[in-house]
Number of protein chains: 2
Amino acid sequence: MADRNDTDAIQTTNTSFEIIHALQELGPARLSAIADRLGLAESTTHRHLQTLSDLRYVSRDGDRYQIGLRFARLGRAAQTRDPAYEMAKPHIQELAEETGERAQFVVEDHGLGIYLHVETGSRAVRVGFGVGRQIHLHSSSAGKAILAHSPREHVDDILDQWGLPAHATNTITDRDALYDELETVRERGVAFNREEHVDGLNGTAVPVKRDGRAVGALAVAGPSHRLTGEWFEDEVPSMMLAAANELELNVTYASDASATDHIVE
Amino acid sequence: MADRNDTDAIQTTNTSFEIIHALQELGPARLSAIADRLGLAESTTHRHLQTLSDLRYVSRDGDRYQIGLRFARLGRAAQTRDPAYEMAKPHIQELAEETGERAQFVVEDHGLGIYLHVETGSRAVRVGFGVGRQIHLHSSSAGKAILAHSPREHVDDILDQWGLPAHATNTITDRDALYDELETVRERGVAFNREEHVDGLNGTAVPVKRDGRAVGALAVAGPSHRLTGEWFEDEVPSMMLAAANELELNVTYASDASATDHIVE
DNA sequence: CTTAGTAGTTCCGCCCTGTGGAATCTATCG
DNA sequence: CGATAGATTCCACAGGGCGGAACTACTAAG
């Protein structure tokens, strides 16, 4: 429904991925259920599932189809496409440990934030916002940290594409207000999220830069009653700044010497 | 090359995934490089990349295309499609810690073994065989543990499909020898890999069963000089058996009450 | 044992749409 | 500025993706 068949994209490919998305949402599902949901002929659905199954991107158990484990490989490939992403992982673990809260590494792709690493500290918050999850950039600390260090024109494109939907009571929904906020983030070097994404949830983030561009952001999130005062405003941010600083050094150094281990299929 | 366009699969979908695979192998690549490699017209390649980019499964940075981070989500969906998979994770972590070696949770899909969790102990072996990696079942301890507890006919299908290629000097390449080995594994409850997959690398694994069927296997792998004697033959296996036992209980109990958290797109 | 019903699979002809070649546009470099 | 390489757009053709209908495989009910 939200899917746009914009210009003239290849229909067949779109349909295949629609089926994959249906499987992702439905879990194990029968052929007829998928065909129904997508308004496709059963014969068509069958051919797609057959093809995807041959490719091992769909598994079937009896008459239930489900997403294939081969996607684990592609997911991993995405998660490691930039060596910097892997370097962030230990820092996230350390931040989760030090703060006891949830620590995350978020990257921008197609104008959205994607969680690439998530580590839950001792006083873990509920699971759910796991790896691979997508969020709007304007309503999260990590997103604002990234936007603040992206060229203005790129920010405009993103806002044009995704808008500024309200997710919680404090979400910034006004463009100019967001620009002001980003200016503050740039000055301060740290972004804050005060119940802008989910009511009752605060967060703070710092950008990780390479060659002036933000490659991602380190973030810490937790319940607003626990993330307050100096701890929230100063102590956690300084831990993150230290981590980001160290990470940036690694990233810049390794940027050429990296031997991205060859993936053989 | 190894890709077969078997029966009459949908060509367009195949092509789209071939492009994705090319990106997975090449990393950031130009349009022309992809078109060349796959023998496609540039216009065709362009349309596919356009479509995949609209879907956010491909990203572009200037004139370099690369795999999109949205795959992280699908990868995650695959990794959690069965709640049992997530339950295995803490056990893998514990095994890695206890043994100091590399611990893995492997599952079968389409006749191949897929690493779903990998944790490296203190005296870590080289990275590389990470999450999402695929291996033949006949040449790994985990694979043999799984095969040993699968119906004979299913084993036959798998061997028909994938054969028994030699990966290392000790790889079992004879069908009957493998059946004998599986019998031994069944009796013993533990599978061993003595440099059958990679020279210099040993491993041992135990199945994780649910309703009699193997849903996966817990495995420990390390250099053959370190994995020897009682430690290899008895001590590590008993740790694994204990873990598997506990895991199986969780898995069987939770099998119905599970509320697979709903994924909203 | 038969019959009806449900779900999956195969078949088939239509015509939509995916395809490659050529033309156009864009950027980089000599 | 030309010249080249690469990306993008345009276009006509026919290959192949599509849905409807026929067929098969199971189950359940009578």
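The structure presented is a predicted model; accordingly, all values stated were derived computationally and were not measured. So that the names make sense, note that chain A is the first sequence line, chain B the second, and so on, each numbered from 1.
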Report task. Check whether any side-chain heavy atom of B:Leu52 sits under 4.5 Å from a side-chain heavy atom of B:Tyr65, and report yes or no. Result -> no
**Report entry** Nucleotide C:dA7, atom P - distance to OH of A:Tyr65 in whole Å
**Finding:** 14 Å
Query raised in the report: Between A:Ser32 and C:dG8, does any side-chain N or O lie under 4.0 Å from OP1 or OP2?
Result: yes
Report task. Just jot down the side chain to side chain contact (heavy atoms under 4.5 Å, CB included) partners of B:Ala177, sequence neighbours excluded, or say none. Result -> B:Ile172, B:Asp174
Report task. Could you tell me whether the side chain of B:Ile158 reaches within less than 4.5 Å of the side chain of B:Leu112, counting heavy atoms only? Result -> no
Report task. Specify the separation, in whole Å, of atom CG of B:Asp63 and atom C1' of D:dG6. Result -> 8 Å
Report summary line: Rounded to whole Å, CZ of B:Arg60 lies from C1' of D:dG6 at a distance of 11 Å
Query raised in the report: With a 4.5 Å heavy-atom cut-off, do A:Gln134 and A:Asp109 have their side chains touching?
Result: no
**Report entry** side chain to side chain donor-acceptor pair (under 3.5 Å) partners for B:Asn245, two or more places apart
**Finding:** none
**Report entry** Sequence-aligned protein contact record of nucleotides 10-30 of chain C, with B where the base is within under 4.0 Å of a protein heavy atom and S where only the sugar-phosphate is
**Finding:** B-------BBBB---------
Requested in this report: Starting at atom CG of A:Leu31, determine the distance to atom P of C:dG8, rounded to an integer number of angstrom.
Outcome: 5 Å
**Report entry** Helix axis bend for the helix from C:dC1-D:dG30 to C:dG30-D:dC1 - C1'-based end axes, five pairs, 10° rounding
**Finding:** 30°
Query raised in the report: Can a cation-pi geometry be assigned to B:Arg152 and B:Tyr179, taking NZ or CZ under 6.0 Å from the six-membered ring centre and within 45° of the ring axis?
Result: yes
Query - Set of side chain to side chain contact (heavy atoms under 4.5 Å, CB included) partners for B:Thr45, sequence neighbours left out - result: B:Ile19, B:Leu31, B:Ile34, B:Ala35, B:Leu40, B:Leu49
Query - Contacts of B:Pro151 that satisfy side chain to side chain contact (heavy atoms under 4.5 Å, CB included) - sequence neighbours left out - result: B:His154
